[in-house]
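Shown next, in structure tokens, is the structure this report addresses.
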Protein chains: 2
Amino acid sequence: MDQLSATFAALADPTRRAILARLTEGPATVKELSEPFDISGPAISKHLRVLEKAGLITRGREAQWRPCQLDATPLREVTVWAENYRRFWDASYARLDALLTEMKEKD
Amino acid sequence: MDQLSATFAALADPTRRAILARLTEGPATVKELSEPFDISGPAISKHLRVLEKAGLITRGREAQWRPCQLDATPLREVTVWAENYRRFWDASYARLDALLTEMKEKD
DNA sequence: AGGTTAGATAACCAAGTGGTTAGGTACGAG
DNA sequence: CTCGTACCTAACCACTTGGTTATCTAACCT
């Protein structure tokens, strides 16, 4: 699975997006991350592994804790990808796009 | 499944992203969309249904053709969501963010 | 009417996903 | 040393997914 697909797949789950949102407030242990959810530890572990494989989090090792930290660089690729479609929803951008195309055709 | 999850799930497949890329050049029939891929018609049909349920395409009806058209509005929600994480990858944005936080704390 | 083309549906299969429980490892505290 | 805590792996389950082939409908063209 390519990087972008892995990122999109990881983001497709609300629990994982909530974990990322929590991590914007700083690193957290697995226990802390699992608090808001009504699911078992192993389920959280699996979500974290998906996020880790997608490169969205990195994990440290402190005694018996394995602190998680956000790594948002894959999200930059997501926005870069989505930017190619901006002209299809952003009216003002579409006008600019049309203008640029027109100018290019005049060359 | 919520809208955002459906969109991310739809985008997690390279074939579906390629279909969207093709549709930026204008509407296309199912046959046209399936040309570049080495998979069966029903497989394409399934991909199109996923894209349709995610609101990324709309489908018309012309004689025996069912032309597909891009609808990028869900992608706007994707960028809106990702924008909340920009400060974690964009250094200059992070500095601006820190400045704003500092100003807020002075109030 | 008969044949061809576009496309959808149905039934099936292998693999993946999101969850569980049970049990194992590693570390700190008493 | 033993106990509790944090976390992981393994095995299992129901459901979904991405693909297939076979079959159906709908429209066009002779």
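Here is how names work: the chains are called A, B, and so on, in the same order as the sequence lines, proteins then strands, and each is numbered from 1.
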Let me know the distance between CG of Leu33(A) and P of dC7(D), rounded to the nearest Å.
9 Å
Under 6.0 Å between ring centres: does that hold for Trp81(A) and Tyr85(A)?
yes
Would you mind reporting whether Met103(A) and Leu99(A) have side-chain heavy atoms less than 4.5 Å apart?
yes
Has Glu62(B) got more than 12 heavy atoms of other residues, nucleotides or ligands less than 6.0 Å from its CD?
no
Checking Glu83(A) against Thr79(A) for the side-chain hydrogen bond (donor to acceptor under 3.5 Å, both in side chains) test, could you report, in this order, the C-alpha distance in whole Å, the side-chain angles of both residues, the deciding distance, and whether it holds?
CA-CA 6 Å; Glu83(A) 274 307 312; Thr79(A) 59; over 6 Å; no
Is Leu23(A) close to Leu56(A) at the side-chain level, that is, under 4.5 Å between some pair of heavy atoms?
no
Do the side chains of Gln3(B) and Glu77(B) get nearer than 4.5 Å, heavy atoms only?
no
What N/O pairs connect the protein and nucleotides 18-21 of chain D at under 3.5 Å? Give each pair on its own line.
residue: dG18(D); atom: OP1; partner: Arg16(B); partner atom: NH2; Å: 3.3
residue: dG18(D); atom: OP2; partner: Arg16(B); partner atom: NH1; Å: 3.1
residue: dG19(D); atom: OP2; partner: His47(B); partner atom: NE2; Å: 2.3
residue: dG19(D); atom: N7; partner: Lys46(B); partner atom: NZ; Å: 3.1
residue: dG19(D); atom: O6; partner: Lys46(B); partner atom: NZ; Å: 2.1
residue: dT20(D); atom: OP1; partner: Ser40(B); partner atom: N; Å: 3.4
residue: dT20(D); atom: OP2; partner: Ser40(B); partner atom: N; Å: 2.8
residue: dT20(D); atom: OP2; partner: Ser40(B); partner atom: OG; Å: 2.4

Atom pairs, N/O to N/O, protein against nucleotides 5-7 of chain C, distance under 3.5 Å?
residue: dA6(C); atom: OP2; partner: Lys31(B); partner atom: NZ; Å: 3.4
residue: dG7(C); atom: OP1; partner: Val30(B); partner atom: N; Å: 3.1
residue: dG7(C); atom: OP1; partner: Arg66(B); partner atom: N; Å: 3.4
residue: dG7(C); atom: OP2; partner: Lys31(B); partner atom: N; Å: 2.6

Take atom CG of Leu48(B) and atom C1' of dT9(C), then tell me their distance rounded to the nearest Å.
15 Å
Can you hop from Leu70(B) to Trp65(B) via hydrophobic side chains spaced under 4.5 Å?
no
So do Asp71(B) and Ile57(B) actually touch side chain to side chain, heavy atoms under 4.5 Å?
no
What is the separation between atom CZ on Phe8(B) and atom P on dT17(C), rounded to the nearest whole Å?
17 Å
Would you kindly give the NZ-to-P distance between Lys53(B) and dA8(C), to the nearest whole Å?
14 Å
Full working for salt bridge (charged side-chain N to carboxylate O under 4.0 Å, His left out) between Arg95(B) and Asp90(B)
CA-CA 9 Å; Arg95(B) 282 195 296 276; Asp90(B) 186 329; over 6 Å; no
If you apply the rule side-chain hydrogen bond (donor to acceptor under 3.5 Å, both in side chains), what do you find for Ser5(B) with Arg17(A), and how did you get there?
CA-CA 9 Å; Ser5(B) 296; Arg17(A) 290 201 305 277; 3.1 Å; yes
For residues Val50(A) and Arg16(A), determine if any side-chain heavy atom of one lies less than 4.5 Å from a side-chain heavy atom of the other.
yes
Strictly under 3.5 Å: I want the nitrogen or oxygen pairs between protein and nucleotides 14-16 of chain C, one per line.
none

Euclidean distance, atom CG of residue Leu11(B) to atom C1' of dT17(D) [Å, nearest integer]
16 Å
